[in-house]
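FYI, side chains are in, hydrogens and waters are out, and symmetry mates aren't considered; it's all heavy atoms of this structure. Each chain gets a letter, A, B and so on, in the order the sequences are listed, and its residues count up from 1.
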There are 2 protein chains.
Amino acid sequence: MSRTDAPRARSSAPTSRGTATARRIESSAVALVIQHGYDATTVDMICADAGISQRTFFNHFATKDAAVIGTDVPRLDESRVRAFIAASGPNLLADAAELIALPGLDGAMDPQLMRQRMRAITSSAELMQRQLERFASIEAELAEVIEYRLARLSTPDESAAEVREQSRLTAHLLAGILRYSADALMSGDSASVPAIVAQTRDRLTALLPKLAGR
Amino acid sequence: MSRTDAPRARSSAPTSRGTATARRIESSAVALVIQHGYDATTVDMICADAGISQRTFFNHFATKDAAVIGTDVPRLDESRVRAFIAASGPNLLADAAELIALPGLDGAMDPQLMRQRMRAITSSAELMQRQLERFASIEAELAEVIEYRLARLSTPDESAAEVREQSRLTAHLLAGILRYSADALMSGDSASVPAIVAQTRDRLTALLPKLAGR
DNA sequence: AGCCAAGCTGCAGTCACTGCATAATGAATT
DNA sequence: AATTCATTATGCAGTGACTGCAGCTTGGCT
């Protein structure tokens, strides 16, 4: 139990995006992982199921987990970003938490596959881990967005650079919140994603004043 | 460039702790990684350098990165924990950040090796990543400690369970702060660890009131 | 018909890691 | 001193992820 192997850091990005072949591989991968678990699912099994060669698999996906998690870079939702920037309520952090709600992390795609994928990912701590890691790719973007709101709240003695750093720090705090939600999602026996997001938001609202020292 | 392979999730923990052999392996590993980088350093190279067989390597360390990072479980510093619990200032988060200052994460050990190890780890994003992951092992413990302070600040309508969840959330926020510091440490051209910790603390103190919405 | 780029494939190789079975060492027992 | 036993090291063969390379196929284009 527990074949291992396979780090990150792929060199050249594999080819296509929306190929039919790639979709077949993805759906085979997701299905098999749900059925057997991530570790027990070998690349060869996925290939057999999708009816392609191993070499082809790696022509489409750089790593085994990429086939399950998907390759589209997570992006912040445009409209939510606008709303966030425009808003000016006291709940900056809670507002921002909405920006990175788990569902928002998946690009628009086949909802059926997305649902399955969600199941596959949450079934394996390892995959969840990798999924969370991918979040790092939004952090820079997120920090930039946060900067808009934070700039308005800055005191005169704070330089622009300082505000930027505070924004980055905030983005990291949000990553922590995301991880907390992910934890809750995996350990909590049931609970839907929206429910957890809402719960976390409330919790955060109650918690922050305590942390900030009234 | 970039051999990969090697996931987490080892099954049975390898043997000894402070064997002479294990130390030799560690020091070879650290030295070679500093010299060639993590990816370019193969297990065989480390074995050759340490004068042992590959099988022996894996008898002592479950994974390649374990030999570089070390195997001792990070622990919270007893005295700092006491101080934290006893305190009751307004800066709960900033206070807690001291608990997880990077240097505190390494068990007491040969300072020479520790310094080298630090260099090796910060030289590779992959290793840094793994190092940060190990922090997760303290999170539960950390959350427990935080609970002491947080309980005093709870409102009457909050259940003990709610306080516990808030503590866990706080622990995750701290993990985010740790990651921010680690980022700063790796990107910042120089800057010592204590300097970064202090800076982060100040930044946090300035930031929190803004997030909590005064 | 002739050509070209894209996608698929096999093949051989590297590297991390595992199970198993076998030595070598030394300390504890008889 | 001979025996037993646990610990530690080692070889060996195998699995599984992943890579580079070279060759084949296919469909569209001229």
Side-chain angles (χ1 to χ4, degrees), chain A residues 1-26 28-29 32-33 36-69 71 124 126-127 129-130, chain B residues 1-26 28-29 32-33 36-69 71 124 126-127 129-130:
Chain A
M1 182 155 304
S2 102
R3 201 67 277 309
T4 8
D5 255 310
R8 275 73 293 312
R10 206 59 350 61
S11 40
S12 57
T15 43
S16 56
R17 292 287 159 201
T19 320
T21 308
R23 294 207 188 294
R24 288 234 309 289
I25 297 175
E26 277 179 334
S28 289
L32 288 174
V33 166
H36 306 289
Y38 182 68
D39 283 354
T41 304
T42 69
V43 171
D44 281 344
M45 287 165 66
I46 299 173
C47 293
D49 191 87
I52 48 131
S53 77
Q54 206 200 56
R55 202 63 193 77
T56 297
F57 177 95
F58 285 110
N59 279 340
H60 285 277
F61 299 95
T63 58
K64 183 172 102 169
D65 52 87
V68 186
I69 294 179
T71 52
S124 153
E126 204 170 325
L127 285 177
Q129 179 75 29
R130 303 236 193 285
Chain B
M1 181 158 304
S2 102
R3 201 66 281 305
T4 8
D5 255 311
R8 272 74 296 311
R10 206 60 347 64
S11 40
S12 59
T15 44
S16 56
R17 291 288 158 201
T19 321
T21 308
R23 294 205 188 297
R24 288 234 309 291
I25 298 176
E26 278 179 334
S28 289
L32 287 174
V33 166
H36 306 288
Y38 182 68
D39 284 354
T41 304
T42 69
V43 171
D44 282 343
M45 287 164 67
I46 300 173
C47 293
D49 191 88
I52 48 130
S53 77
Q54 207 201 53
R55 201 65 194 74
T56 297
F57 177 95
F58 285 111
N59 279 341
H60 286 276
F61 300 95
T63 58
K64 183 172 102 169
D65 51 87
V68 186
I69 293 179
T71 51
S124 153
E126 204 171 324
L127 284 178
Q129 179 74 28
R130 304 233 192 287

To the nearest 0.5 angstrom, please state how far the CG atom of A:Leu32 sits from the CE atom of A:Met45.
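Between A:Leu32 CG and A:Met45 CE, I get 5.5 Å after rounding to 0.5 Å.
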Between CZ on residue A:Phe57 and CD1 on residue A:Ile46, distance to nearest 0.5 Å
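CD1 of A:Ile46 is found 4.5 Å from CZ of A:Phe57.
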Do B:Glu126 and B:Asp65 touch side chain to side chain, with heavy atoms closer than 4.5 Å?
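A side-chain contact under 4.5 Å is absent here.
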Has [X] got a side-chain N or O lying under 4.0 Å from the OP1 or OP2 atom of [N]?
X	N	answer
A:Thr21	C:dC8	yes
A:Thr56	C:dC8	no
B:His60	D:dT8	no

Can you tell me which nucleotide in C:dT9, C:dA16, D:dA17 comes closest to the side chain of B:Phe58?
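My answer, after comparing the listed nucleotides, is C:dA16.
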Closest listed nucleotide, where the reference is the side chain of A:Asn59 and the choices are D:dT10, C:dC8, C:dG10:
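Ranking D:dT10, C:dC8, C:dG10 by closest atom to the A:Asn59 side chain puts C:dC8 first.
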In whole angstrom, give the distance that lies between atom [atom1] of [X] and atom [atom2] of [N].
X	N	atom1	atom2	answer
A:Gln54	D:dA17	CD	P	7 Å
B:Lys64	D:dC18	NZ	C1'	14 Å
A:Asp44	C:dG10	CG	P	11 Å
A:Phe57	D:dG16	CZ	C1'	12 Å
A:Phe61	C:dG7	CZ	P	14 Å
A:Leu32	D:dA17	CG	P	12 Å
B:Asp39	D:dA17	CG	P	19 Å
A:Ile52	D:dC24	CD1	C1'	17 Å

Heavy-atom nearest nucleotide on DNA chain D for B:Ser53 versus A:Thr41: which residue maps closer to 5'?
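It is B:Ser53, whose closest nucleotide lies nearer the 5' terminus.
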Before you tell me yes or no, could you show the steps for B:Lys64 and B:Val68 under side chain to side chain contact (heavy atoms under 4.5 Å, CB included), namely the whole-Å CA-CA distance, both residues' side-chain angles and the distance that decides it to 0.1 Å?
CA-CA 7 Å; B:Lys64 183 172 102 169; B:Val68 186; 5.6 Å; no
Counting only N and O atoms by type, is there a donor-acceptor contact under 3.5 Å from the side chain of A:Thr19 to the main-chain atoms of A:Ala22?
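Answer holds: no.
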Using a distance-only criterion (donor-acceptor N/O pair, under 3.5 Å, no hydrogens), is the base of C:dG7 paired with the side chain of A:Arg55?
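Flag unset: no donor-acceptor pair detected.
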